[in-house]
Each structure stands twice: as C-alpha cells, then as structure tokens.
Number of protein chains: 2
Amino acid sequence: MSKAKPVLIAGRWRESDAVGTFEPKNPKTREPTGETYPISSQAEAYEAVEAAAEASEALQAHYPEGVADFLDAFADRIEARADDIAAMGEAETALPAKPRLADVELPRTTGQLRQAAAAARGRTWCLPTIDTQTNIRSMYRPLEGGVAVFGPNNFPLAFNSASGGDFAAAIAAGCPVIAKGNSSHPGTTRLLAEEAFEAVQATGLPPATVQLIYRTNHDVGARLVSHPRIGATGYTGSRHAGVVLKEAADRAGKPIYLELSSVNPVYILPGALKERSEALADEFNTSCLMGVGQFCTNPGIVVLLAGPETEAFVEQVRQRFEAAPVGTLLGESVERGMSDSVKALQAAGAELVTGGRMAAGTGCSFANTLLKVSGRAFLADPEALQTEAFGNESLFVIADDVDQAVEVARHFEGNLTGCIYSDTQGSDDDIYAAVEPALRRKVGRLLNDKMPTGVAVVPSMNHGGPYPATGHPGFTAVGIPASMLRFGMLCCYDNVRPARLPAELQDGNPCDLWRWVDGDWTKE
Amino acid sequence: MSKAKPVLIAGRWRESDAVGTFEPKNPKTREPTGETYPISSQAEAYEAVEAAAEASEALQAHYPEGVADFLDAFADRIEARADDIAAMGEAETALPAKPRLADVELPRTTGQLRQAAAAARGRTWCLPTIDTQTNIRSMYRPLEGGVAVFGPNNFPLAFNSASGGDFAAAIAAGCPVIAKGNSSHPGTTRLLAEEAFEAVQATGLPPATVQLIYRTNHDVGARLVSHPRIGATGYTGSRHAGVVLKEAADRAGKPIYLELSSVNPVYILPGALKERSEALADEFNTSCLMGVGQFCTNPGIVVLLAGPETEAFVEQVRQRFEAAPVGTLLGESVERGMSDSVKALQAAGAELVTGGRMAAGTGCSFANTLLKVSGRAFLADPEALQTEAFGNESLFVIADDVDQAVEVARHFEGNLTGCIYSDTQGSDDDIYAAVEPALRRKVGRLLNDKMPTGVAVVPSMNHGGPYPATGHPGFTAVGIPASMLRFGMLCCYDNVRPARLPAELQDGNPCDLWRWVDGDWTKE
C-alpha cells in the first residue's frame, strides 16, 4: 500500500490525521489505480471548518475583485493541466478522456468558473434594494463561515467539489470552500485542488479559501455539516447519504442544499408518437444511454398512452437498447445500485423488456435496461416504482387513458425535470393542457420536445425542483448568478450612515449596478 | 362552559371534530373571556391540508387579479369591522384597543394586505428571467399545496395567522392558507377569518383559499407541517415549539420558515454616551418598554464599554425603568416565561439592577427589569446569557475594552437586528469599524443610531437573520415582495412553445414587467 496522499488544510498540503485509508479503483479493470487516500478524522474536519470560518471573514476584503481574479486564474490553470486531469478522470471514472472529459466537461467547468468570476464582479446576484423615503437598503452578502461541498460521482470536473458548480457558486458569493471529494475520483479532485490552491496563492486570497479532504466516516460528515462555525453545505449524491446529512444540518439550523434523486418523467403524447416515433426512439435512446445514463437528468420514466403506436415504440427502443454498446459504469457501487434498483422495480410490478444483467460490458457494467408497467400498476405502488436506477435504464409507464396519465403525474415525487413531447399540428394540445399543470408543479424545469439531459449554464436555468429532487424548490444548483443566492444572507441597512454603507448600496451607484430603487430597476 | 366556536374548513364554518377545548383568558383580569374554542383532531387538520391542496391548483386560474381583488376586499372588510376587532383584541391580549390596535396595528395590517395585492398584480416577486439564445426562461411561481401559518401572540392583527404578514405573503404568492390561530387570541383570529372568508366568497376564489383551526396538540401540529400535501409553513413563536415543527417539516422535505428568538443586540459606543446619554436613555427606555417589551425586535442586550459614563447610563435607565408604569403582559405564559428567563440569566451570572418581580402591575405583569453582566462573565457562558426574556427586560453587557466587545459580538447567535450608536463627530469610528464586521454577519438588519423596534413594511426591509432568529438567513418575513419568495418555487421553461408559456415569460412582454433578459433588467 502506497503512502496516503496529503490533504489541504488551512493553507497547507500535509499528511492527514487519518482514521483509515481507501484505494480508488479503475472501473474498467476493477483494479486499484495504485493511489491511497486518507479518511480524515473528526479533528481534521473541524480544523478545516475553523480555518474556513477565519478565511470567511478575511475574504471580504478581497471581494469582488480578488475573488473574481482567483476564479479566472483557476480556470486558466485547469486548462493548462487539461491532459493530466482528463487522463486521471478516465482512470477513475471510465468516462472517456476524449471527447467527454477534455472536450465537453472541462470547458463546461472552466466556463462556469469564468461566469462565476463575471457574476462576482457584476454583483447582480446581490439584488440591491433601496427605499429612499425610509433610508432602508438591503442586498445579499456572503453568509458567515465556509461552505462544505460534497461532490457527486458522475461529473468529476463540472460538479467536482473542488472545481464544479457548487464550488464556483460558493466562492463567487464570497464563501471559502471545504471540498469533500467523492471517493470514486479522489485523484481527479486532488489535481483540481492543487490548481485551485496555486491560484489562491497567486491571487493572494486567504490560504484557507480552498481546502480539501477526501473522505470522512458518516458520523464525521454529519458533524461537519452541523458544526457551529460552518456556513452552509452543498451536497450532490445519493439520497440515502444526503438525507443523513440533511437531518444533521437542519437540526443545527445550517442551510444545506441537496440534489438527491430524480427520475425526470417524459410524457410522449400520442400525436407525437404517430408523427415521428422513429426519431423519438433515436432521441430517447441517445439521451438515456449517454454517459451510460449516469446523469441527474436521465429520463428514467416515460409515460405513454396504451395503443399500437406505443407497443411499436417500446419495440423500437428495445431494439436500440440491444444494439447499443454497453458502457462502463462509474464503479462497482453504481453497478450494484443498478442491479438492486432494477430488482426493486421488478418486485413492484415492472416487467423487463430488455437488459437486467450485471457485467454485460467492459468492467463495471449493466445491460442497457428497459422496463415497463401499466399505469394502474404504477398507481398501486407509486413510491417503489419511482425508485431511481442510476444508470442506463428507463421505465415506461403505459397509461390506459389521459386521466390516468394525469393521475400518474400527480403521484410523482419532486423531480429536476419533466418533458412533454406533442405533435406539431395541435392534435395533442388538449392532452398537453391536462398534463402540464400536474406535471409542472412537480418539476424544476419543464421541457417541450426535448430530452432533459442537456443542462445549459445560463441565468434562467433551474437545476432544482421540489423534494427529493432537491431540499428546497426555490433554489438552483446550476445557472449563474441564481445558484449563488444559496450562499448569501440577506443584509439590511437601516439608517446606516452613508460612508458606512457597502458601495453597492451607496447613493450615486458607484458600482454601476442594476438596483431596485423605490419600485423600479434602475442604474441611476 | 359555552359551546366551542366553529372552525373554517374546506369552505364551511362548522362544528370542530374536536379532541378538546380551551378558554382564552383576559390578561388584565386573569378571568376567562367567556368563549370556548376547539382543539382540532388530526383528521380535521388533514382535511384542511387536502382542501388547501385542491384549492392550490384551482387558485392558479385566479392569479393574479382574483387574488389581488381578494386581498383588497379583505382589507376593506377589516376596516369596516375595526371596532369589533380592536375590542376583541384588547380583551384577549391587553394591548390597548386605542391607539395600539385600532390606530397602529390595524392600519399596518390592511396596508400590508394592500401592498400584497399590488405585488401580486405587479408580479415583481416572480423575477422573470429570459435567455433568448437558448430559449430558456424561468420565474418564481407558487409552490404546490397550502401554506400553514402559525401566528405569534404579540401582534394579534399584523402577524395574525389569518390576516398578517405570512398570510398576506402566502396568498399574494398564490398559495391558500391554513391559519393556525394563536391560543392567546382565538376570538380576534375568528373575527379576522370571518372577514377573510366573506372576501373569499365575494371575489369568487376557491372556498378553501382561507381555512382556520385554533389549536392542535403538538403531535398533530408536527404531522400537519410534514403532511405530503402541505406546501410550506410559516411559524412565528416560541423557540421550543418552533424547533419541534422544524424537525418534522425538515424530515419531510417541506419548507418551513421560522421566526424563533432574537435578543437584538445594541452597541452604544463611548462617544455616543458622552455626547447624548440622557437622550439615549430615553430612546432605549421607550423602545424596550413599548408594548411591554413584547416585540420580536425588542433590544434585549445592550453592549457598553466599562467606565463612569456607562455606570451613569445604567443608573439613568434604572431610574426610567422604575418610574415607568408596568404594563400588562399578553398572558400568564408570558409572565411565567419572563420569570423563568430572568432567573436563568441570574443563574448564569447576571446581576439584577432593577425589577425581577412578577405581578408588579395590573393582571399578568412583571416589573420593568434591567440586568447587567461583565463582558468576561458573558463570554464564560454566552449561551445562557442570550436567553430571551420576552417582555419588558434587557441585559447590559459591560465589556472591559473594544476587543472584548468585539468578542461578545462573535459569540452572538443569529439575531433579527443589531444596532450601533456612535457619536456624531467621528470619535467612535474606529470602534465602529471593529464591531461592525462581527456584528453584521450575526444579524438580518443593521441599524445606526436607531432602536430596532420599528419594522417598516418596505421592499428593502429584512425581518430575518441567521438561525435561530429564523430558519434561513436568505429570507425575510416582512417586506413585500421579498417575503413572498418564501412561498414560491423556481419554474424553468426550456424550449416550451410560445403559446404555452405563462404570460410573464412570453415574447413581447404582454404583462409589462421588469424582466432579466440576456443580462439586463428591461421592460422591452
């Protein structure tokens, strides 16, 4: 066993105060990658929290310019080390270094960081509000303390705890980050954190602005997110682990933002199926199997109305699933999770159309899997039949009629997305009008004629939704500046003397911001 | 015992499915007011939740015009019945019918309702955001299900569960309300709900838009806020009861907004004391004893620097507290709470300067009470010395020096407000600069040279703050439209066909709203 890699605490890469170690595996070979990583002690986690809290105060002097410079510099450094990062990412996740990691996810990551830099400089997220008659002013400012970021397994760069969406949003809001790496790709996280820390030093930010630990035991994780000096937590990952953290953070009154689970229902209405079923089968096949289905917005449930076109569509998808190569999953836990979830869906009444086998491809893998169930059976056990099978799987729910299809929507848990495909001539419009009100209120993002797997990083994006998609339906994890609001507190200044006001709220608008003044948006 | 008053469930005043009854008392006489109210069963609470969920869907067809008309009509009806309402309020709370209830709180209440009506019509709270290149659009829309509102004891009109700030914000956001009356003033709540329901009928809203129950057992309250079909909860009241509800709602993934406890620290810097100590003593005395100190923003802790001016100031306040009449408290539970809290403060090392006796005035009452403690003693047990004594009490913390005064601020829990008084010539500026960064991040609203007890209903107001002042530092309970955001969900429309978009997001801006389009606020 090689020596465990160092952690980054309080401005120093150092040997971990470890209570144990772990060795990541290459999912393609199921063999260790050859590196060893530490499991941090409670004392080490607490040390990071304290250092972040100190940095949180010191960081205010660098806001926004220093913070924005850091984000830009970090993006540059990631690009300069792109080959290393992509190669390590592939070794740990089996996601292809090219094109996926180097050409798609890495530019997305650096793009997010640069958007975050611009948002910090532009400060539109602060929503400055001024009432001149009462001389009361308010804006969002960073909350007190560091933000713990727990990254998921499926985006080793763009959602990485040391470089991804939550990281960028927290830093851009002015909060230091304690990255808690995902255990499936600690090496990738380490390389990113190395570049982040170099950028911290180059731009003169407080050294504890970025810290990294790789793993903790569950009880230490719970204490980390509920520590009196932590500011907030961003978590993307499994529902089971997320709920445990949520309970600990909630009890301590600490904000925690979670992305837990989502089956992303897609309604394909009969007219659309009549009009373009082959094209829809292609589109669905691509969306569902892309990245071996390991997307938060993977279309895990498709609702169809019973009839011969639907039967034909099921067959078209079956053929495509069987013809498509079986990709390598992110790891053995995902492979096991697929197997358990598919079994749970079958136990609840779903019928296997194709797939269902483990180790059907190279390394960790699971056959491309399609299940189906009647609308009536779904409504008899909607909870079990919404079990998320994270990977290359989908469940078709075949409703007897429109009323039943609407009733299915009413029984959905909260989801990140909901899609409705309809024909182009208007024959589906009445069904759309029946389905939309029920579906929309269950999802954060409603799509028309488009699969949910693309998540554009634009201000209007909502990568959020009602529980359990996330922990609160008012916040998004993607989309800048909106995602930054999660790490802000509302700060009101009542009769505060002019020179003591933050520049954003001063008379004369010295920062040239859009501000809500006496009931209108203005730059005056 | 008279027959228990009816509850308002699913559009009907009807006899409660009661598991018990209670009789409110007049705090001035400690005698029952003569009315009897029901304690609702779990079945009744659940029936209200289901009816609200149905109304939540139906209400969308009335948004915003019907909802705004209702809020305006309700305000008119409250004014038409002002005398009855104020008289009942005085009988139940001992707050004077005039001027407090009829001339101050009632106009505030109707003003809030009318501001909420205007905000619903104007829809600025929706923050419509459009990215034209990607054709992605988003806005806040009402979350699914009704909002349970638990009103506090201290504002029987302006924070009443059936007419107050949370009620107005939830309705204006498009959510039905289940009002859970405060047990100290059920009659006042009943009169208000009667007028609300008349207005619901007059404006043709779904009948379950407003419902009323008076009281439940604690376990039923916890099940109400965590019911699968509830939308969210607004709670203002004791920390103990609020934490129980929070835990239940959090576990179910249901948003809950809480206002729990706040001691509202006030720093009076040495220059200010030198400059105007008599005036400051007057100002503090008025703020602290107003409404018998029963305000969420009552100045419960004052931090001073040790010295002869501070000793003189303590004496000035003592004299005023002793000379001031002792008001009647809201009820026996407040009286008991004062006694327990003052004892707890004394046990933690605070010294009584004056007061400390129960029944010192008419009916339920407690002597105007001033305590003091050294900064060092405060820092030895900051948690106990932040015990909130809800009423006519304050604790002076006398710090040895500026560093200690700053350290005291670092040990504050989250508060609604923090004030700093400084001199007008600049001699306090260095101390201000040391105290402000520590204090500001603990409070929702920072004031200069002004006591915290006035809470203006303006868009820039923040009546919120870090836990335990509230449950989340990003939200405010007062200030329209910001307070409405608590009851919204972020709704994103991705590639949705033009005619299917809500009007707020359609091309051409048919609602003439301010919208965030491609990075600028515009009405184009």
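Naming convention: chains lettered A, B, ... in sequence-line order (proteins, then strands); numbering from 1 in each chain. The basis for the numbers below is simple: all heavy atoms, side chains too, and nothing from hydrogens, waters or symmetry mates.
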Quiz item: Do Asp131(B) and Ser460(A) have a side chain donor and acceptor closer than 3.5 Å?
Solution: yes
Exercise. Select one option (side chain, backbone, both, neither) describing which atoms of Pro468(B) are under 4.5 Å from chain A's heavy atoms.
Key: neither
Quiz item: Is there a side-chain contact between Pro437(B) and Gln60(A), using heavy atoms and a 4.5 Å cut-off?
Solution: no
Quiz item: What part of Ala252(A) lies closer than 4.5 angstrom to a heavy atom of chain B: side chain, backbone, both or neither?
Solution: backbone
Quiz prompt | Heavy-atom proximity to chain B below 4.5 Å, by part of Arg441(A) | solution = both
Quiz item: What part of Val243(A) is in contact with chain B, defined as an atom under 4.5 angstrom from a non-hydrogen atom: side chain, backbone, both or neither?
Solution: neither
Self-check item: Salt bridge present between Glu144(A) and Lys442(B) (N-O < 4.0 angstrom)
Solution: yes
Exercise. Identify which of Tyr467(B), Trp516(B), Trp514(B) forms the greatest number of heavy-atom pairs closer than 4.5 Å to chain A.
Key: Trp514(B)
Practice problem: Check whether Asp518(A) gets within reach of chain B through its side chain, its backbone, both or neither, counting any heavy atom under 4.5 Å. | Solution: neither
Quiz prompt | Heavy-atom side-chain proximity of Met489(B) to Pro466(A) below 4.5 angstrom | solution = yes
Quiz item: Is any side-chain N of the basic residue among Arg251(A) and Asp250(B) closer than 4.0 Å to the acidic one's carboxylate O?
Solution: no
Quiz item: What part of Pro128(B) lies closer than 4.5 angstrom to a heavy atom of chain A: side chain, backbone, both or neither?
Solution: neither
Quiz item: Without hydrogens or angle criteria, can the side chains of Thr424(B) and Arg497(A) be said to hold a donor-acceptor pair below 3.5 Å?
Solution: no
Exercise. Between chain A and each of Lys450(B), Met139(B), Gln133(B), count heavy-atom pairs under 4.5 Å; write down the option with the most.
Key: Lys450(B)
Quiz prompt | Residue, of Lys254(B), Arg137(B), Arg500(B), Lys523(B), that accumulates the most heavy atom pairs under 4.5 Å with chain A | solution = Arg500(B)
Exercise. Return the option, out of Asp449(B), Thr124(B), Thr470(B), Thr134(B), with the maximum number of heavy-atom pairs under 4.5 Å with chain A.
Key: Asp449(B)
Quiz item: Is it the side chain or the backbone of Phe487(B) that comes within 4.5 Å of chain A heavy atoms, both, or neither?
Solution: neither
Quiz item: Does the side-chain contact (heavy atoms from CB on, under 4.5 Å) test come out yes or no for Leu447(B) and Val496(A), once each step is laid out?
Solution: CA-CA 6 Å; Leu447(B) 300 98; Val496(A) 169; 5.9 Å; no
Quiz prompt | Charged N-O contact under 4.0 Å between Arg410(A) and Glu57(B) | solution = yes
Exercise. Please round to the nearest 0.5 Å and tell me the distance separating atom SG of Cys419(B) and atom CG of Asn495(A).
Key: 10.0 Å
Quiz item: Taking atom CG of Leu127(B) and atom CG of Leu127(A), what is their separation to the nearest 0.5 Å?
Solution: 6.5 Å
Self-check item: Toward chain B, the part of Arg141(A) with a non-hydrogen atom under 4.5 Å
Solution: side chain
Exercise. Measure the spacing between CE of Met461(B) and OG1 of Thr129(A) and express it to the nearest 0.5 Å.
Key: 12.5 Å
Self-check item: Contact class of Ser422(B) relative to chain A, heavy atoms under 4.5 angstrom
Solution: both
Exercise. Describe, in one word, how the ring planes of Trp521(B) and Trp521(A) are oriented to each other, choosing from parallel (under 30°), tilted (30 to 60°) and perpendicular (over 60°).
Key: parallel
Quiz item: How are the rings of His472(A) and Phe475(B) set to each other: parallel, tilted or perpendicular (split at 30° and 60°)?
Solution: parallel
Quiz prompt | Aromatic Tyr493(A) / basic Arg445(B) pairing, under 6.0 angstrom, 45° off normal | solution = no
Quiz item: Which distance, rounded to the nearest 0.5 Å, do you find between the CG of Asn462(B) and the CG of Leu490(A)?
Solution: 4.0 Å
